[in-house]
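See below for the structure under consideration.
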Protein chains: 2
Amino acid sequence: MKRDSRLSGVLHILLHMAQQPGPFTSETLARAMDTNPVVIRRIMAGLREIGYVRSEKGHGGGWTIACDLSKVTLRDVYAALGNPPLLAMGNRTESPGCLVEQAVNAALDQAFDDAEALLLARLGEVTLAMLGEDLRKRLGSRKIHDISAHRA
Amino acid sequence: MKRDSRLSGVLHILLHMAQQPGPFTSETLARAMDTNPVVIRRIMAGLREIGYVRSEKGHGGGWTIACDLSKVTLRDVYAALGNPPLLAMGNRTESPGCLVEQAVNAALDQAFDDAEALLLARLGEVTLAMLGEDLRKRLGSRKIHDISAHRA
DNA sequence: TTTCATGTAACTTTACATGTTACGTGATGG
DNA sequence: CCATCACGTAACATGTAAAGTTACATGAAA
């Protein structure tokens with residue numbers, strides 16, 4: 001299975017956007033992320049519906065952050081993506097008639113559920129603002145990289 | 001990505017085998033698991049190498065449990081499968097030059113690593129013998145299902 | 001020496017994230 | 001008003017990995 005990197009991707013985008021005034025076109029963001037504009041629009045669609053970002057068409061259009069970064073957690077962003085599966089493993093059959101399989105599922109589900117809960121809790125502890133803070137530390141004296149400067 | 005169900009599958013097999021004396025052919029196990037004999041051999045291969053099960057060719061051959069069920073944990077079985085990925089999500093780039101992506105990775109890795117560690121710990125707490133105990137409770141008065149009875 | 005059962009390679013199928021192409025919608029600016 | 005820009009979205013292509021299938025070799029038992 002290919003690993004789902006949408007959460008990683010969308011956070012990358014948001015953090016870039018938070019570093020300088022927008023709006024940003026899908027085209028610009030795609031160049032910075034080394035991917036396709038349509039992919040950007042796809043993973044941003046959920047955030048737009050919830051209102052974390054806004055998008056404008058036409059000249060001077062593009063994407064803009066429309067939320068309080070200190071109020072939105074990584075878990076919120078994950079939810080905006082539609083809560084995709086977190087674990088790469090699962091049960092063979094979800095509601096088996098076989099008692100043996102029921103026993104196996106019960107044991108695995110306990111471990112799986114615990115791990116999922118912890119992961120979601122951890123994501124819920126980190127806000128986008130905290131991510132931005134951490135980035136600022138990493139930047140140190142270095143100048144911020146203007147993603148709009150990328151030209152084909 | 002399709003969900004990996006090998007751990008679920010191999011546990012199902014082991015638990016079935018623990019309920020009655022062997023050996024069991026891949027054919028028989030495949031029928032009970034509603035899958036293909038080759039799939040059985042594949043997921044059992046790792047367990048054989050470590051010595052949790054043995055396999056014999058020819059007449060009267062098949063698979064036999066060759067370990068102390070109270071000594072082998074679900075984590076051990078998982079390891080025997082080759083430690084496949086646990087999480088369905090990951091970072092876009094593992095060693096990014098972009099500082100923004102580094103900040104994102106750092107935040108996500110912390111959550112990911114914690115969740116993986118917890119999952120492995122939970123799997124390490126459960127032995128195959130404990131699974132068998134749980135199964136016996138679920139069986140209650142019911143008679144055990146003889147998987148060898150399946151006939152095409 | 002025939003039959004049975006595993007061992008394994010090679011191929012097909014399925015599922016899903018990602019990438020790409022094409023075209024529609026609406027906003028801006030001349 | 002119409003050409004351009006940028007998003008919205010459907011449709012299709014690609015890459016990857018698990019699961020399923022076929023084929024055949026190896027070795028043990030009757």
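Below, chains carry the letters A, B, ... as their sequence lines are ordered, and counting in each starts from 1.
Counting to the nearest Å, the C1' atom of dA17(C) and the CZ atom of Arg3(B) are 15 Å from each other. Rounded to an integer number of Å, the gap from Ile43(A) CD1 to dA17(C) P is 13 Å. Spacing between atom CG of Leu81(B) and atom P of dA19(D) amounts to 10 Å, rounded to whole angstrom units. For the pair Ile40(B) CD1 and dT6(C) P, the computed distance is 10 Å after rounding to whole Å. To the nearest angstrom, P of dA5(C) lies 16 Å from CG of Asn36(B). If you take CG of Leu7(B) and P of dA18(D), they are 13 Å apart, rounded to a whole angstrom. Atom CZ of Arg92(B) and atom C1' of dG19(C) are 13 Å apart (whole Å). Atom-to-atom, CG of Leu29(B) to C1' of dT6(C) comes out at 12 Å; the value is rounded to the nearest Å.
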Distances for protein N/O vs nucleotides 4-9 of chain D N/O pairs under 3.5 angstrom?
residue, atom, partner, partner atom, Å
dT4(D), O2, His59(A), NE2, 3.1
dC5(D), O4', His59(A), NE2, 3.4
dA6(D), O4', Gly58(A), O, 3.4
dC7(D), OP1, Ser26(A), N, 2.7
dC7(D), OP1, Ser26(A), OG, 3.1
dC7(D), OP1, Trp63(A), NE1, 3.3
dC7(D), OP2, Ser26(A), N, 3.3
dC7(D), OP2, Ser26(A), OG, 3.2
dC7(D), OP2, Arg41(A), NH2, 3.4
dC7(D), O3', Ser55(A), OG, 3.2
dG8(D), OP1, Arg48(A), NE, 3.4
dG8(D), OP1, Arg48(A), NH1, 2.4
dG8(D), OP1, Ser55(A), OG, 2.9
dG8(D), OP2, Arg48(A), NH1, 2.5

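With a 4.5 Å cut-off on side-chain heavy atoms, Val77(A) and Leu128(A) count as touching.
Identified under the salt bridge (charged side-chain N to carboxylate O under 4.0 Å, His left out) test for residues 10-27 of chain B, with sequence neighbours left out: Glu27(B)-Arg31(B). Among pairs with a residue in residues 32-48 of chain B, those fulfilling side chain to side chain donor-acceptor pair (under 3.5 Å) read Ser26(B)-Arg41(B), at least two apart in sequence or across chains.
Distances shorter than 4.0 Å separate some side-chain N or O of Arg6(A) from OP1 or OP2 on dA17(C). For Thr35(B) and dA19(D), the shortest distance from a side-chain N or O to OP1 or OP2 is not below 4.0 Å.
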Side chain to side chain contact (heavy atoms under 4.5 Å, CB included), that's the test. Do Tyr52(A) and Ile65(A) meet it? Break it down for me. CA-CA 6 Å; Tyr52(A) 294 162; Ile65(A) 289 182; over 6 Å; no
Check the pair Gln102(B) / Leu99(B) against side chain to side chain contact (heavy atoms under 4.5 Å, CB included), numbers first and verdict last. CA-CA 5 Å; Gln102(B) 283 177 26; Leu99(B) 281 174; 3.4 Å; yes
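Formation of a donor-acceptor pair under 3.5 Å by the Arg92(B) side chain with backbone atoms of Met33(A) is found in this model.
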